[in-house]
Amino acid sequence: MSNHKKLMSTLIIMLLTFFLLWSLNTYGLKGFLSISMIGRLAIAVMLLFTGASHFTKQSEMVQMMPEFLPYKIELVYLTGLMELAFAVGLVWQRSSKWTAIILIIFFCLILPANVIGSLKRVHLGGMENGLAYLYFRVPLQFFFVGWVYYFGIRLPESAREKMTAINKA
């Protein structure tokens, strides 16, 4: 896979999931899912992929961490488990708003690891491109934060009725 495709894979997974679920919901499920749920499911699927990568790309992820941090491999596993838990928390309605808030904080806290990874040219997800990686990765991180905010916090679950009305129009 080219560096460009590796760099965009998380975005592609999320957007493809969103549009597939939206289409299925619009044309097959007749608006059963709210747009909020579709957005949360899309980022949850992405988190399943990124969380799983913490268990298959540990050595690369350890390289991304600041030197002063102890227990690096354990932190890689912990953050992977956290991403998997965020995926579950986002789709469970009762926990989705709090999960979204914590996930936004998490996204902000892990951004420095992407900066460090690009400075070290870690061979993971495009970081081997050095600082050029950050021209895409930093705005992408803010896009993910905005996505989680919109679908997990801002857009109420009651938006189902609004979207159903829009889809029928």
Side-chain angles (χ1 to χ4, degrees), residues 7-58 61-62 64-65 69-115 117 124-125 136-169:
L7 186 59
M8 292 188 51
S9 62
T10 53
L11 179 62
I12 291 168
I13 288 168
M14 188 183 74
L15 293 177
L16 188 61
T17 301
F18 179 84
F19 288 114
L20 287 173
L21 287 172
W22 180 83
S23 297
L24 175 66
N25 190 56
T26 301
Y27 301 109
L29 300 175
K30 304 296 183 205
F32 177 75
L33 298 172
S34 69
I35 194 70
S36 173
M37 177 59 85
I38 293 169
R40 289 183 283 123
L41 281 167
I43 197 130
V45 168
M46 184 204 75
L47 287 167
L48 292 175
F49 279 94
T50 59
S53 70
H54 285 82
F55 301 95
T56 60
K57 306 269 185 194
Q58 308 93 326
M61 291 196 180
V62 164
M64 296 169 53
M65 300 177 102
L69 284 177
Y71 308 108
K72 288 179 177 58
I73 194 72
E74 290 84 357
L75 286 171
V76 169
Y77 291 136
L78 175 64
T79 54
L81 288 172
M82 289 173 68
E83 289 186 19
L84 297 174
F86 290 141
V88 173
L90 284 173
V91 298
W92 188 34
Q93 179 57 37
R94 294 182 71 188
S95 64
S96 64
K97 189 171 277 192
W98 280 107
T99 300
I101 292 167
I102 297 166
L103 181 56
I104 288 169
I105 295 167
F106 177 80
F107 279 158
C108 293
L109 291 174
I110 63 168
L111 184 58
N114 289 283
V115 173
L124 179 68
F136 182 77
R137 187 62 174 100
V138 172
L140 180 63
Q141 195 77 355
F142 288 115
F143 178 76
F144 289 151
V145 166
W147 186 282
V148 172
Y149 171 76
Y150 183 73
F151 290 106
I153 298 169
R154 175 104 164 82
L155 192 65
E157 186 63 28
S158 63
R160 175 183 303 164
E161 292 80 25
K162 293 177 188 174
M163 286 310 296
T164 303
I166 290 170
N167 287 336
K168 289 181 180 179

Considering all heavy atoms of both residues, which atom of [X] and which atom of [Y] are nearest to each other, and what is their separation?
| X | Y | answer |
| --- | --- | --- |
| L33 | I38 | CB-CG1, 4.0 Å |
| A44 | V91 | CB-CG1, 4.0 Å |
| L48 | A87 | CD2-CB, 3.8 Å |
| M46 | I13 | CA-CG2, 4.0 Å |
| A100 | I153 | CB-CG1, 3.7 Å |

Return the [atom1] to [atom2] distance between [X] and [Y], rounded to the nearest 0.5 Å.
| X | Y | atom1 | atom2 | value |
| --- | --- | --- | --- | --- |
| S96 | L103 | OG | CG | 12.0 Å |
| L29 | L24 | CG | CG | 4.0 Å |
| M37 | L90 | CE | CG | 9.5 Å |
| I110 | M64 | CD1 | CE | 7.5 Å |
| R40 | S34 | CZ | OG | 5.5 Å |
| I104 | T99 | CD1 | OG1 | 11.0 Å |

Can you name the residues that form a ring pair (Phe, Tyr, Trp, His ring centres under 6.0 Å) with [X], not counting sequence neighbours?
| X | answer |
| --- | --- |
| Y149 | none |
| F86 | F106 |
| F49 | none |

Taking side chain to side chain contact (heavy atoms under 4.5 Å, CB included) as the test, write out the residues that go with [X], two or more places apart.
| X | value |
| --- | --- |
| S23 | Y27 |
| I105 | I101, L109 |
| V88 | none |
| I73 | Q58, V62, Y77 |

Q: With sequence neighbours excluded, give me every side chain to side chain donor-acceptor pair (under 3.5 Å) pair touching residues 79-90.
A: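 As it turns out, the side chain to side chain donor-acceptor pair (under 3.5 Å) pairs with a partner in residues 79-90, which skip direct neighbours, are T50-E83, H54-T79.
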Q: Please confirm whether the backbone N or O of F32 pairs with a side-chain atom of N25, one donor and one acceptor, at under 3.5 Å?
A: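 Indeed, once roles are kept as given, a pair shorter than 3.5 Å links the two residues.
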Which pairs would a plain distance check flag for residues 140-148, meaning a side-chain donor or acceptor within less than 3.5 Å of a matching protein atom at least two apart in sequence or in another chain?
from, atom 1, to, atom 2, distance (Å)
Q141, OE1, R137, NH1, 2.4
Q141, OE1, R137, NH2, 3.1
Q141, NE2, F107, O, 2.8
W147, NE1, G39, O, 2.9

**Q.** Atom NZ of K72: over 12 foreign heavy atoms under 6.0 Å
**A.**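 Atom NZ in K72 is crowded, with more than 12 foreign heavy atoms closer than 6.0 Å.
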Hey, does [Y] have a side-chain heavy atom less than 4.5 Å from the side chain of [X]?
| X | Y | answer |
| --- | --- | --- |
| V76 | M65 | yes |
| S53 | M61 | yes |
| V45 | M14 | no |

(Q) Could you go through F151 and I35, starting from their C-alpha distance and side-chain angles, then the distance that decides it, and tell me whether this counts as side chain to side chain contact (heavy atoms under 4.5 Å, CB included)? (A) CA-CA 8 Å; F151 290 106; I35 194 70; 4.0 Å; yes
